[in-house]
Amino acid sequence: MNEDTDIRCKGYEITLTNKETGREATVKLSLNLSKWMVTAKGYSGYFKDLETAFKEACNHLQYKTKEMK
């Protein structure tokens with residue numbers, strides 16, 4: 001992560017926002033509380049642990065940032 005990313009947390013939801021592009025990725029606990037869901041524009045995925053889900057959200061923002069340049 002770098003200073004170009006804003007991270008907000010509320011309950012079981014983490015939102016990462018790229019300050020330069022405005023792109024967002026969200027990590028939240030699924031309704032049945034068994035998996036973590038990562039969502040972003042045009043993407044959604046489920047992961048068994050928070051660490052893997054958070055890394056995927058970070059990777060998604062990084063990929064979108066490179067794509068936009």
Side-chain angles (χ1 to χ4, degrees):
M1 302 304 315
N2 56 34
E3 62 276 351
D4 293 335
T5 304
D6 180 40
I7 301 173
R8 295 182 314 275
C9 301
K10 184 176 181 180
Y12 293 104
E13 182 173 308
I14 303 168
T15 303
L16 299 103
T17 306
N18 181 301
K19 293 178 184 177
E20 184 180 324
T21 64
R23 296 260 185 196
E24 287 188 348
T26 302
V27 179
K28 60 184 171 183
L29 196 56
S30 65
L31 292 176
N32 64 5
L33 306 177
S34 65
K35 294 186 180 183
W36 290 92
M37 184 170 68
V38 177
T39 56
K41 184 177 180 181
Y43 175 82
S44 67
Y46 290 88
F47 300 87
K48 65 180 180 176
D49 60 72
L50 177 58
E51 182 178 357
T52 305
F54 186 80
K55 286 180 182 179
E56 177 63 23
C58 293
N59 288 338
H60 184 75
L61 280 185
Q62 184 179 22
Y63 171 75
K64 291 295 184 184
T65 301
K66 288 180 182 178
E67 178 183 282
M68 296 296 290
K69 291 183 179 179

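For the single chain, residues carry numbers from 1 onward in sequence order. When reading the values below, keep in mind they use all heavy atoms of this one structure, side chains included, and skip hydrogens, waters and symmetry mates.
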**Q** Run the side-chain contact (heavy atoms from CB on, under 4.5 Å) test against Lys35 and tell me which residues pass, sequence neighbours left out.
**A** Ser30, Tyr46
**Q** Drop me the distance from Met37's CE to Glu13's CD, to the nearest 0.5 angstrom.
**A** 8.5 Å
**Q** Under the side-chain contact (heavy atoms from CB on, under 4.5 Å) test, which residues partner Thr17, sequence neighbours left out?
**A** Asp6, Arg8, Thr15, Glu24
**Q** With a 6.0 Å cut-off (strictly less than), is the heavy-atom count around NZ of Lys19, excluding the residue itself, greater than 12?
**A** yes
**Q** Would you give the length of the straight line joining atom CD1 of Ile7 to atom SG of Cys58, rounded to the nearest 0.5 angstrom?
**A** 6.5 Å
**Q** For Leu31, is the CG atom crowded, meaning more than 12 foreign heavy atoms sit under 6.0 Å from it?
**A** no
**Q** Could you grab the distance from atom CG of Asn18 to atom CZ of Arg23, nearest 0.5 Å is fine?
**A** 9.5 Å
**Q** With Tyr43, which residues qualify under ring-ring contact (aromatic ring centres under 6.0 Å, His included), at least two apart?
**A** His60
**Q** How close do Tyr12 and Trp36 get, heavy atom to heavy atom, and via which atoms?
**A** O-CZ3, 3.7 Å
**Q** Minimum heavy-atom separation for Ala57 to Val27, with atom names?
**A** CB-CG2, 3.6 Å
